[in-house]
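Since this is a predicted model, take the numbers as computed values, not measurements. Chain identifiers are assigned alphabetically (A, B, ...) following the order of the sequence lines, protein sequences preceding nucleic acid strands; residue numbering begins at 1 within each chain. The figures that follow rest on heavy atoms only: side chains count, while hydrogens, waters and symmetry mates do not.
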Protein chains: 2
Amino acid sequence: MTGRFDSPGEGSNAEASTKAIVFVVEDDISVRRSLTNLFQQVGLEVVAFGSAREMLQSTIPDVTSCLVLDVRLPGLSGLDYQTELARLNIHIPIIFITGHGDIPMTVKAMKGGAVDFLSKPFRDQELLDAVVAATERDRKRREAQRTVANLQSLFETLSPREQAVMKLVAAGLMNKQVAAELGLAEITVKIYRGHVMKKMRARSLADLIRMSETLGICVNRSEQTQV
Amino acid sequence: MTGRFDSPGEGSNAEASTKAIVFVVEDDISVRRSLTNLFQQVGLEVVAFGSAREMLQSTIPDVTSCLVLDVRLPGLSGLDYQTELARLNIHIPIIFITGHGDIPMTVKAMKGGAVDFLSKPFRDQELLDAVVAATERDRKRREAQRTVANLQSLFETLSPREQAVMKLVAAGLMNKQVAAELGLAEITVKIYRGHVMKKMRARSLADLIRMSETLGICVNRSEQTQV
DNA sequence: ACGCATTACAAACATACGTATAGTTCTCTT
DNA sequence: AAGAGAACTATACGTATGTTTGTAATGCGT
């Protein structure tokens with residue numbers, strides 16, 4: 001990890017460097033400027049704010065990113081902001097920095113999923129390493145989320161009946177059992193099942209079941225076991 | 001969470017209280033004794049050690065447990081011991097306690113998966129709450145591990161050929177494709193597949209595929225896609 | 001030498017799955 | 001009013017899956 005950012009915008013890391021955004025929330029303007037400079041020097045895009053409120057009011061682009069956050073802030077504190085972001089379902093990886101931190105603070109931040117917690121003074125490279133780790137975490141999270149979202153949108157192209165059939169098929173029921181469950185003729189189930197396979201772009205039943213797992217689709221087990 | 005341990009050995013938490021073991025590693029004998037007392041008072045079983053080495057040399061029973069670990073220890077430090085346990089693939093949840101901790105220490109501990117990091121002085125209830133959280137985490141981890149182990153042992157009852165068939169079936173191949181892949185007649189695959197279903201106690205193909213997921217069974221995708 | 005598990009295949013049958021063609025009914029939109 | 005899509009069924013056919021019964025070669029331990 002160390003040294004990945006010491007030569008800006010070159011070689012194999014060019015893509016990661018140019019695409020990631022580092023958000024900075026820090027009330028001290030001189031610290032904010034020096035952080036901004038540091039990140040820009042290694043080719044990272046930076047967007048800095050003086051308070052949590054400012055960042056909440058701005059439009060956050062939907063790209064790989066991380067947040068360097070001062071713990072002590074006027075208004076909403078860094079830890080409160082972390083909680084607030086979680087409540088808003090915003091899962092940007094956070095690196096805390098602080099001048100006067102303590103252990104309970106650190107524990108709360110780390111329990112809340114923070115990537116790192118650095119107390120000043122720290123070496124630039126420590127922060128850069130943390131940023132690399134954080135953006136990498138975000139990249140992976142986004143990739144996983146994109147996969148789910150794609151499947152979800154495919155699933156939503158299914159008619160309600162097709163969705164119902166898919167759920168029961170994924171639960172392991174035979175066509176005739178699905179038909180009984182839904183009050184349909186078996187032939188109808190067969191046809192809907194065909195639609196499901198086509199619309200979900202599943203090449204096999206195994207595929208479809210894995211998709212169901214990813215989507216978290218399941219039915220009440222009591223309905224299966226009584227067969 | 002708070003107050004779950006303030007009346008020992010009664011009500012719905014009796015099971016969790018009596019079955020969990022709290023390991024304590026603390027060199028200061030008076031602290032060790034007071035911790036032991038505290039946990040015993042709320043009905044927890046306690047096994048205390050004066051050093052990490054002592055605990056490593058003892059036989060650790062295979063039950064739900066957690067570890068209350070002093071950061072500063074003679075010989076192997078608490079943080080080193082955490083690393084060592086991870087290296088040995090021992091995933092007991094750790095609660096650190098310390099008299100003179102600092103932030104980097106805390107961060108390292110939490111990054112390493114610690115449940116909590118308490119600096120003295122702390123309230124007894126804080127520690128007890130952390131122990132509840134830690135044992136609960138261990139209980140869940142053990143449950144998940146047991147599930148995998150059960151499936152694994154079922155899988156090991158399969159003959160090599162049956163295992164191979166299961167892998168390819170779980171990958172979504174048709175019987176004839178499995179047969180071609182393994183150089184078998186289709187009828188042979190059908191028979192082995194029947195054995196697989198019976199031995200794995202799978203009631204449906206969906207079941208079997210979920211088992212494969214849990215077991216992490218997969219084959220080179222190139223073999224499927226070229227069909 | 002004997003039993004036993006494994007590997008392997010065949011014939012035959014029953015059941016399950018998938019698709020094409022064709023048609024009815026209903027609702028919602030243009 | 002016409003068209004589109006959803007929901008639903010039927011007939012018919014072809015393929016896939018699963019099970020039973022039977023056969024046979026191999027290898028391994030006692």
Whole-Å distance separating the [atom1] atom of [X] from the [atom2] atom of [N]:
| X | N | atom1 | atom2 | result |
| --- | --- | --- | --- | --- |
| I191(A) | dA10(D) | CD1 | C1' | 9 Å |
| E186(A) | dA16(C) | CD | P | 7 Å |
| R193(A) | dT19(C) | CZ | P | 10 Å |
| K190(B) | dA14(C) | NZ | C1' | 11 Å |
| M197(B) | dT19(D) | CE | P | 8 Å |
| K198(B) | dA5(C) | NZ | P | 15 Å |
| L182(A) | dC8(D) | CG | C1' | 12 Å |
| I187(A) | dT19(C) | CD1 | C1' | 8 Å |

Bend angle of the helix from dA1(C)-dT30(D) to dT30(C)-dA1(D), end axes from five pairs each (to 10°): 40°

Parallel, tilted or perpendicular, as decided by the 30° and 60° cut-offs, for the rings of F117(A) and F96(A): tilted

Atom pair CG/CG of L88(A) and L56(A) - distance to nearest 0.5 Å: 6.5 Å

Criterion side chain to side chain contact (heavy atoms under 4.5 Å, CB included) against F23(A), the qualifying member of I94(A), I60(A), V68(A), L69(A):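 With F23(A) as partner, I94(A), I60(A), V68(A), L69(A) yield a single side chain to side chain contact (heavy atoms under 4.5 Å, CB included), made by I60(A).
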
N-O pairing of R87(B) and E84(B) below 4.0 Å: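 Result for this pair is yes, salt bridge flagged.
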
M174(A) side-chain proximity, nearest of dG18(C), dC9(C), dA16(C):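 Shortest atom-to-atom distance from the side chain points to dA16(C).
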
Closest listed nucleotide, where the reference is the side chain of Y192(B) and the choices are dT7(C), dA16(C), dC9(C):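 Nearest to the side-chain atoms of Y192(B), counting from C-beta on, is dT7(C).
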
Close residues, residues 156-164 of chain B, relative to DNA chain D [heavy-atom separation under 4.0 Å]: none

Touch class at under 4.0 angstrom, heavy-atom based, for L184(B) against every strand present: sugar-phosphate

Side chain of [X], backbone of [Y]: donor and acceptor closer than 3.5 Å?
| X | Y | result |
| --- | --- | --- |
| R139(A) | T64(A) | no |
| Q82(A) | A109(A) | yes |
| Q177(B) | M174(B) | yes |
| Q163(B) | F155(B) | yes |

Heavy atoms from other residues, nucleotides or ligands near CZ of R142(B) exceed 12 (cutoff 6.0 Å):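 Above 12, so yes.
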
Nearest-nucleotide comparison on DNA chain C, the residue closer to the 5′ end among H195(A) and G183(B):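 Checking each residue's closest nucleotide, the 5'-ward one belongs to G183(B).
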
Presence of N175(A) side-chain N/O under 4.0 Å of dA16(C) phosphate oxygens OP1/OP2: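 Answer no for this pair, as no side-chain N or O of N175(A) is under 4.0 Å from OP1 or OP2.
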
